[in-house]
Amino acid sequence: MITSGGLLLGKVVLITGASSGIGAAAAAVFAREGASVVLAARREDRLAALTAELTGKGFDAAYVVADVTRADDMREAVAFTVDRHGRLDGAFNNAGIGGDQTPLHEMQDDIYDSVIDTNVRGLWNCMRAEIAAMLASGGGAVVNNSSVGGLVAIPTAAPYVAAKHAVVGFTRAAADEYARQGIRVNCVAPGSTRSEITADWYGRNPGLEEAIHAITPQGRTAAPEEIAEAATWLLSDRASYVTGVVMPVDGGFVNR
Ligand code: NDP
């Protein structure tokens, strides 16, 4: 039952990091816009609850437990999607972690390792599996989730900033490589958005949210649905001549 919209009508879309925050919001927005959605993340209880909520509203939703740092998990998540629906039309590669906020010279290896492993290797694992499936069914659209930290510096988050710049690099490289095979690859670069990452960062750094609002022209934190809306358009056929772009969704942050 489609109650409104239809920007993704008939599309099969895989969403990573769908158990909370921007990914959970994206699953709901994509489904509302007509997509059959497959939610992927590690926390099965969250995925099961969100999937039940969507199917309860009449949407086509399923979930698969997958860790993006494991290439086999992502191959299996894509295979699950293709087995269920016959193809993969769209992927929102959103899974990511923030890591501690610490001056670069004090940053420990474990933060570097986890942030780079999840945000860079994780994306690499996802894109390889997804693009192979899209090539097999004649095309598709990928939207990666970078950050304003993929475009400009964020203090005391060097591995995160480096990882999110790498997301932009992978986006541009893949967009160029697969354009003639009908695959578009773009990314969104969110600014401050309500989620578990920001709850953690802002909770541990009093005053940080207010400081970010002060340098954000719109002066506020986004709702996760506002990021999902941009990803919806980029995944849709309405963005048919758009590939290789980084779309800030940031209340004007990188434009100031
Ligand atoms: P959340 O912490 O709410 O969501 C992160 C999601 O990623 C969760 O669903 C989590 O699920 C999943 N995830 C983390 N590690 C893995 C893994 N190894 N394998 C599979 N899934 C994983 O935060 P956000 O919604 O904010 O984060 C989503 C994306 O948005 C991230 O890439 C983040 O960098 C980006 N972003 C967020 C901004 C913000 O202000 N909130 C700003 C700019 C970018 P689970 O733990 O169940 O696996």
Side-chain angles (χ1 to χ4, degrees), residues 8 11-19 22-23 26-27 30 35-42 47 62-97 99 112-147 149-150 159-160 162-189 231 234-236 239 242-247:
L8 298 178
K11 302 273 189 205
V12 176
V13 182
L14 174 66
I15 303 139
T16 71
S19 58
I22 295 168
F30 298 172
S36 295
V37 291
V38 176
L39 289 72
R42 295 167 302 178
L47 292 173
Y63 74 86
V64 56
V65 176
D67 181 335
V68 294
T69 66
R70 297 166 178 262
D72 285 350
D73 278 19
M74 292 324 300
R75 274 194 290 269
E76 282 163 24
V78 169
F80 170 86
T81 308
V82 173
D83 284 350
R84 185 177 162 89
H85 296 288
R87 63 187 199 284
L88 178 69
D89 299 312
F92 183 36
N93 293 321
N94 160 77
I97 59 171
Y112 173 88
D113 289 341
S114 60
V115 168
I116 298 294
D117 207 32
T118 305
N119 297 356
V120 183
R121 180 179 291 280
L123 182 81
W124 167 244
N125 289 335
C126 293
M127 287 180 75
R128 281 187 299 172
E130 293 155 1
I131 287 172
M134 288 175 183
L135 286 172
S137 56
V142 174
V143 174
N144 297 321
N145 197 349
S146 177
S147 163
Y160 184 79
K164 291 301 186 177
H165 276 69
V167 173
V168 172
F170 273 124
T171 301
R172 299 184 69 183
D176 185 55
E177 204 168 324
Y178 295 104
R180 286 175 190 266
Q181 286 148 293
I183 301 176
R184 295 183 300 104
V185 187
N186 293 294
C187 77
V188 287
L234 287 170
L235 284 170
S236 81
V242 179
T243 196
V245 307
V246 184
M247 183 191 282

> For Gln181 and Leu135, what are the C-alpha separation, side-chain angles and deciding distance, and is it a side chain to side chain contact (heavy atoms under 4.5 Å, CB included)?
Replying inline: CA-CA 7 Å; Gln181 286 148 293; Leu135 286 172; 3.7 Å; yes
> Any idea which heavy atoms bring Ala66 and Met74 closest together, and the distance?
Replying inline: CB-SD, 4.0 Å
>> How close do Thr243 and Val185 get, counting heavy atoms only, and between which atoms?
In response: OG1-N, 2.9 Å
> Considering all heavy atoms of both residues, which atom of Val115 and which atom of Gly99 are nearest to each other, and what is their separation?
Replying inline: CG2-CA, 3.8 Å
>> A side-chain contact here means heavy atoms from C-beta on lying under 4.5 Å apart; do Val168 and Arg172 qualify?
In response: yes
> Closest approach of Ala40 and Leu14, non-hydrogen atoms and distance?
Replying inline: CB-CD1, 4.2 Å
>> Between Val120 and Phe170, is there a side-chain heavy-atom distance shorter than 4.5 Å?
In response: yes
> Checking side chain to side chain contact (heavy atoms under 4.5 Å, CB included) for the pair Ile131/Glu177: CA distance, chi angles, key distance, verdict?
Replying inline: CA-CA 11 Å; Ile131 287 172; Glu177 204 168 324; over 6 Å; no
>> Please check if the number of heavy atoms outside Phe80 that lie under 6.0 Å from its CZ is greater than 12.
In response: yes
> If you take all heavy atoms of Leu88 and Thr81, which pair is closest and at what distance?
Replying inline: CD1-CG2, 3.9 Å
>> Asn145 and side-chain hydrogen bond (donor to acceptor under 3.5 Å, both in side chains): which single residue from Asn94, Asn119, Asn93 fits?
In response: Asn94
> Minimum heavy-atom separation for Val82 to Ala133, with atom names?
Replying inline: CG2-CB, 4.1 Å
